[in-house]
Amino acid sequence: MVIDLRSDTVTKPTRGMLEAMFSAKVGDDVFNEDPTVIALEEKMAKMFGAEAGLFCSSGTMANQIAIKIHTKPGDEIICDSLSHIYNYEGGGAALNSGVSVKLMNGNLGRFSACDVENAINPDDVHYPVTKMVAIENTCNKGGGSIWDWKEIEKISLLCKEKNFRFHLDGARIFNALEKLPKGKNKVASSFGKIFSSVSVCLSKGLGAPVGSVLLGDKNFIYQARRVRKVFGGGMRQAGYLAAAGIYALDNNIERLKEDHYRAKQLEKKIKNLPFVKSVFPVGTNIVIFELTETYKAEDFISNLFKKNIKVIMMGPQKVRMVTHLDFTDEMLESVLEVLGEMQERIKI
Ligand SMILES: *Cc1c(COP(=O)(O)O)cnc(C)c1O
């Protein structure tokens, strides 16, 4: 049995999901004729209080479309140094939209309205024109860190005042929402007022094989449809994939708390390992930790691999584990056991 903790993207569709895909009604979505794609877009838009949605083949595509629409070449966007948009999209902001990026050094990926204020360029020919702010919730490279809703509201107000666009990379927004205090879940339905655009992944914790939905107002989504086509992302009978997304929304949101619980169990164990220097605070389903110099991260990873456990590097001496739909309690037990054995061996 291989235990794959490299990412929450490694999940495979369950039988129920496959059946939903198999029986989907489809049409040509480039002609706007796929009822299942339309149903997914409407469902997501409603959940987040947005006017409209657009089904995209990946989160990267959804983010890149948003940047393309919100900016013009020579503009600048503000985002954190840990952000996916900056680190993991192949330099797409520069390649696709010709914009520069001003990086914030936030707390595990989270910066403040005050930081944004200080990062705005003056109206002076020397500087690129600040046009957009992007945040990531939860922040992957920040160990699945969750943003404070009040700070998000402050940044939103600032963006409105300055006429900046405000984008949420919500690849794992459902993980953040799961951790909100009870009764606060209506927060999701106000996203349309807070953000100019939102991208949400279906292929992470929700367990769909493919896809993200980009949300915004009608005019934004109208433009996004055009940009998606230009980027080569106009899909035809995409309803088979959208059906997996709808199934995921109906069945796999509630259970995210199990992933969070298992990540917490991993954190507890990892914290006490003698060769671990520090662990990022675990808020959701991501565990990132740094090893001491005595144990090279490459060796640690290959030793786990010998025990059929897959994890990945996340920077120098940093390792990441991500819990997900296909990571069971039984698998958790074996990982804890293997880590325990390593601990024993180091003691001797
Ligand atoms: C996974 C992810 C994306 C999108 O990734 P794709 O692999 O392109 O779907 C965007 N932002 C964050 C924070 C992510 O974790």
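Order of appearance sets the numbers: ligands from 1, and atoms from 1 within every ligand.
Within the listing of ligand 1, atoms 15 (O) sit less than 4.0 angstrom from a heavy atom of R172. Within the listing of ligand 1, atoms 13 (C) sit less than 4.0 angstrom from a heavy atom of E136. Interface atoms of ligand 1 facing S58, defined by a heavy-atom separation under 4.0 Å, are 8 (O), 9 (O).
Environment of CZ in F191: crowded, with over 12 heavy atoms of neighbouring residues, nucleotides or ligands closer than 6.0 Å.
Using modelled atom types, one finds no donor on one side chain facing an acceptor on the other under 3.5 Å when comparing T11 with D326. Under 3.5 Å, the side chains of N175 and K204 contain no donor-acceptor pair of N or O atoms. At a cut-off of 3.5 Å, with distance as the only test, a side-chain donor of S197 or H70 sits close to an acceptor on the other residue. Between the side chains of S112 and D115, at least one donor N or O sits under 3.5 Å from an acceptor N or O. If you check the side chains of T130 and E76, you find no donor sitting under 3.5 Å from an acceptor.
Contacts with ligand 1 closer than 4.0 Å are made by no heavy atom of T9, backbone or side chain. Only the side chain of K204 comes within contact range of ligand 1, with a heavy atom under 4.0 Å; no backbone atom does.
Nearest protein heavy-atom neighbour of atom 11 (N) of ligand 1: D169 OD2, 2.6 Å. In this structure, atom 9 (O) of ligand 1 lies nearest to the protein heavy atom G59 N, 2.8 Å. Scanning all protein heavy atoms for the shortest distance to atom 8 (O) of ligand 1 gives T60 OG1, 2.6 Å.
Less than 4.0 angstrom separates atom 15 (O) of ligand 1 from at least one non-hydrogen atom of the protein.
For K12, the side-chain hydrogen bond (donor to acceptor under 3.5 Å, both in side chains) test picks out no residue, with sequence neighbours left out.
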